[in-house]
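I have placed the structure first, in the form of structure tokens, so that the comments after it can refer back to it.
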Amino acid sequence: MKIVDARVVLTSPGRNFVTLRIETDEGVTGLGDATLNGRELAVAAYLRDHVVPLLLGTDPHRIEDTWQSLYRGAYWRRGPVTMAAIAAVDVALWDIKAKVAGLPLYQLLGGASRERVRTYGHASGADLPELFDSIRARLAQGYPAIRVQTGVPGLKLVYGVRHAQDSSQSARPVVEDWDTGAYLRNLPRVFDAVRQEFGPDLPLLHDAHHRLTPIQAARLGKDLEPYDLFWLEDCTPAENQDGLRLVRSHTTTPLAIGEVFNTVYDYQTLVSEQLIDYVRSAVTHFGGVSPLRKLFDFAAQHQIKSAIHGPEDISPVGMAAAIHLDLAIHNFGIQEYAGYTDLTHAVFPHAFTFTDGYLHPGEAPGIGVELDEELAGAHPYEQAYLPVNRLQDGTVHDW
Ligand code: EZ4
Ligand code: CO
């Protein structure tokens with residue numbers, strides 16, 4: 001079997017997605033997600049100009065060899081652009097292999113370790129009444145666990161809270177504002193109110209989105225302990241892995257980190273010293289199913305569980321690959337699932353289902369996602385950026 005064509009499809013059915021389609025001489029095709037929010041064209045060029053010429057004529061069944069040759073052969077290792085491009089190839093090749101086998105991908109990963117995949121959804125509000133309505137809406141959709149993001153008194157635009165200008169993608173970066181002190185004072189009060197309204201049993205999560213220093217994160221973790229969070233996510237910019245020792249020594253609030261990481265090396269200290277409880281990388285940004293499976297096996301040795309990144313900017317192709325892994329691995333934790341617009345579901349018809357808050361990859365051979373190229377072509381790429389974050393005096397802060 002040989003790869004005879006590979007092409008990159010850009011589409012924006014509400015937001016931008018980058019998809020790689022690999023074709024073989026036997027007519028079997030595979031899809032991979034290469035979406036990197038705000039930097040989509042860089043990955044598309046990396047694939048088109050540098051990766052596709054290397055794939056033509058090679059055997060699509062040699063997934064590990066192809067992965068290693070793209071990773072080691074470039075000489076320039078790691079980084080989100082490189083790893084998103086390699087991820088798309090890896091997933092497309094797993095899709096092809098599973099289709100040839102006539103099996104859904106999870107069967108090639110060892111088969112189902114559970115019947116369905118638990119998710120969490122996003123709730124947010126500028127104030128408590130708005131937040132409570134949002135939580136109720138998610139509960140009505142069946143979500144068994146909920147991420148809570150809220151406005152901060154004195155701040156106009158805050159991460160994760162919908163507003164008129166809201167867009168995690170816009171033609172110029174939206175400027176959000178930030179004050180760490182106001183945030184640290186406000187958040188425990190919000191969780192106190194949410195627990196009083198919704199009771200002790202509902203699993204609640206929160207994403208600090210890389211804004212805190214280790215000592216601030218340590219304080220927040222302690223202050224949130226009475227509210228029994230499922231996790232506190234990305235409390236610090238964790239490329240400073242050593243900083244997590246300080247956070248960990250001060251709080252029993254579980255910690256989740258890793259959505260911006262792209263190789264196992266970003267996790268070495270965090271995992272080997274068990275400084276976190278959940279690893280958050282996406283199939284799409286971590287080089288694909290092959291290396292993410294290895295990360296989960298490494299994490300399992302340290303009683304750390306999976307929590308694959310699943311916001312709107314992971315395409316249904318990347319989401320499907322994630323759900324197959326979620327179903328197969330033993331140390332599954334939870335899957336983030338933000339859902340998609342109707343148009344996105346139509347551009348990417350898929351076998352995976354979302355029922356009563358649980359996902360299942362379905363039984364279609366491969367990853368179980370198709371791409372309607374005509375519909376995709378009718379919704380072309382649009383220039384778009386993520387927001388940036390500034391302190392009250394104008395200083396740029398982590399977003
Ligand atoms: O802000 O994927 O946990 N989820 C997140 C996401 C990220 C976006 C950035 O592109 O933090 O919403
Ligand atoms: Co996050």
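Just so it is clear, the values below take in all heavy atoms, side chains as well, and ignore hydrogens, waters and symmetry mates. Just follow the structure's listing: the first ligand is 1, and inside any ligand the first atom is 1.
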- request: Drop me the distance from Gln216's CD to Asp223's CG, to the nearest 0.5 angstrom.
  value: 12.0 Å
message: Please list, in number order, the atoms of ligand 1 under 4.0 Å from a heavy atom of Asp207.
response: 3 (O), 4 (N), 5 (C), 11 (O)
- request: Identify, by atom number and element, the atoms of ligand 1 in contact range of Leu386, meaning under 4.0 Å from any of its heavy atoms.
  value: 9 (C), 10 (O)
- prompt: Do any nitrogen or oxygen atoms of Glu259 come within less than 3.5 Å of a nitrogen or oxygen of ligand 1?
  reply: yes
field: Enumerated ligand 1 atoms positioned under 4.0 Å from heavy atoms of Pro311
entry: 2 (O), 6 (C), 12 (O)
message: If we only consider heavy atoms of Glu312, is any one of them less than 4.0 Å away from an atom in ligand 1?
response: no
task: Using a strict cut-off of 4.0 Å, indicate which atoms of ligand 1 neighbour a heavy atom of Trp399.
output: 1 (O)
task: Could you grab the protein N, O or S atoms closer than 2.8 Å to the Co ion (ligand 2) for me?
output: Asp207 OD2, Glu233 OE2, Glu259 OE1
message: Measuring only between side-chain heavy atoms, which start at C-beta, is Pro13 closer than 4.5 Å to Tyr340?
response: no
query: Does His350 reach the main-chain N or O of Phe352 with its side chain, forming a donor-acceptor pair under 3.5 Å?
result: yes
- request: Enumerate the atoms of ligand 1 whose separation from the nearest heavy atom of Glu336 is less than 4.0 angstrom.
  value: 3 (O), 4 (N)
field: All salt bridge (charged side-chain N to carboxylate O under 4.0 Å, His left out) counterparts of Asp179, not counting sequence neighbours
entry: none
query: Numbering the atoms of ligand 1 from 1, which are under 4.0 Å from a heavy atom of Asn37?
result: 10 (O)
query: Picking from Leu212, Leu255, Thr213, what satisfies side chain to side chain contact (heavy atoms under 4.5 Å, CB included) with Val247?
result: Leu255
field: Ligand-residue contact atoms, ligand 1 with Tyr159, heavy atoms, under 4.0 Å
entry: 1 (O), 4 (N), 5 (C), 6 (C), 11 (O), 12 (O)
message: With the threshold set at under 4.0 angstrom, would you say Arg147 reaches ligand 1 through any of its heavy atoms?
response: yes
